[in-house]
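See structure below.
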Amino acid sequence: MKPRRHIFLIGFSGSGKSTLGRVLATKLEYRFIDLDAVIEEYARQSVSEVFAKKGEAAFRRLEKAQLERVLGSTRIQVIALGGGAFESADIRRIARCNGVTIFLNCSQRELYRRLRNVGNRPLLEVKPRPNETPTQAKMRRIRHLFKKRLANYRTADLILSTTGKSVAQSAGRLVQLLMGLL
Ligand code: S3P
């Protein structure tokens, strides 16, 4: 038996939403949707370009509109939301009404390791303060955003820690958790 509702993966950048989402969708034979990729295709620009040229508020409007569009499909889908999507009360409501929400939790230390060399997350690009290294500045930003967002992430139906886990381990556990919901 498989869940007959959409599956929304939420969590901070680097928590494994896209990688795990793809594996989960294959296992369940559902379509996989990476909402950031959908936005990029629609805008014909990268997420970084949308942020730089139109600003964060415009990105957030696109995020909601594209989520609504994707949910117009009759197919059941595993949908990886962007790390900031759950800050929107509208998106939280839309996700809750349309399926199961899963928070992929991950330690900040591991998030930093995974995001250290990644340059396409505009909100993580911060100018170091005087006496601060670029590493410390990025850590500070991750800490700040993670703390701010945690309460909303925690409203998910299920929480799975991906810290120290392989994709295969997390995907297996995720399927078990989903079956337990039925
Ligand atoms: C964002 C996370 C990104 C992307 C955009 C904003 C955020 O998605 O939506 O850069 O606000 O944390 P990922 O979680 O896939 O990195």
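Counting from 1, the numbers follow the sequence of the chain as shown. As the structure lists them, so they are numbered: ligands from 1, and atoms in each ligand from 1. Computation of the quantities below employed the complete heavy-atom set of this structure, encompassing side-chain atoms and omitting hydrogens, waters and symmetry-equivalent molecules.
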(request) Using non-hydrogen atoms of the residue, decide whether E40 is closer than 4.0 angstrom to ligand 1. (result)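 Per 4.0 Å heavy-atom rule, E40 does not contact ligand 1.
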
Suppose we measure from [atom] to each protein heavy atom; which comes out shortest, and what is that distance?
atom                    : value
atom 13 (P) of ligand 1 : S13 OG, 3.4 Å
atom 12 (O) of ligand 1 : R149 NH1, 2.7 Å
atom 16 (O) of ligand 1 : R121 NE, 2.4 Å

(request) Check whether any N or O atom of S18, backbone or side chain, sits under 3.5 Å from an N or O atom of ligand 1, and answer yes or no. (result)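 Between S18 and ligand 1, no N or O pair is found under 3.5 Å apart.
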
(message) I want to know if ligand 1 touches V47 in the polar sense, i.e. an N/O pair below 3.5 angstrom.
(response)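 V47 vs ligand 1: no N/O contact under 3.5 Å.
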
Closest approach of [X] and [Y], non-hydrogen atoms and distance?
X    : Y    : answer
E132 : K127 : OE1-O, 4.5 Å
T155 : N152 : OG1-O, 2.6 Å
L20  : A171 : CD1-N, 3.7 Å

(request) Anything under 30° is parallel, anything over 60° is perpendicular, the rest tilted; go ahead and classify F103 against F146. (result)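 Tilted, since the angle between the ring planes falls between 30° and 60°.
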
(request) State which residues pass side chain to side chain donor-acceptor pair (under 3.5 Å) with R114; sequence neighbours excluded, sorted by chain then number. (result)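 Side chain to side chain donor-acceptor pair (under 3.5 Å) check on R114 returns E110.
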
(request) From atom 8 (O) of ligand 1, work out which of L9, N120, I10, D36 has a heavy atom at the shortest distance. (result)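 Ranked by closest heavy atom to atom 8 (O) of ligand 1, first place is D36.
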
(request) Taking only heavy atoms of L123 into account, list the atoms of ligand 1 that are under 4.0 Å away from them. (result)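 Heavy-atom distances to L123 below 4.0 Å select 7 (C), 11 (O).
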
(request) Mark up the atoms of ligand 1 that fall under 4.0 Å of a heavy atom belonging to P122, in ascending order. (result)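 What qualifies from ligand 1 is 10 (O).
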
(message) Regarding S161 and N105, do their side chains bring together a donor and an acceptor under 3.5 Å, going by distance alone?
(response)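 No, because no side-chain N or O of S161 sits under 3.5 Å from a partner of the opposite role on N105.
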
(request) Using a 4.0 Å heavy-atom threshold (strictly under), name the region of K17 that reaches ligand 1: side chain, backbone, both or neither. (result)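 Contact part for K17 vs ligand 1: side chain (C-beta onward).
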
(message) Tell me the contacting part of E56 for ligand 1: side chain, backbone, both, or neither, using a 4.0 Å heavy-atom threshold, strictly below.
(response)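 It is neither; nothing of E56 touches ligand 1.
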
(message) Restricting to side chain to side chain contact (heavy atoms under 4.5 Å, CB included), what partner residues turn up for S88, sequence neighbours left out?
(response)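 Expected list: D90, I91.
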
(request) Kindly work out whether a path of hydrophobic side-chain contacts (I/L/V/M/F/W/Y, heavy atoms less than 4.5 Å apart) joins L174 to I159. (result)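 Different hydrophobic clusters.
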
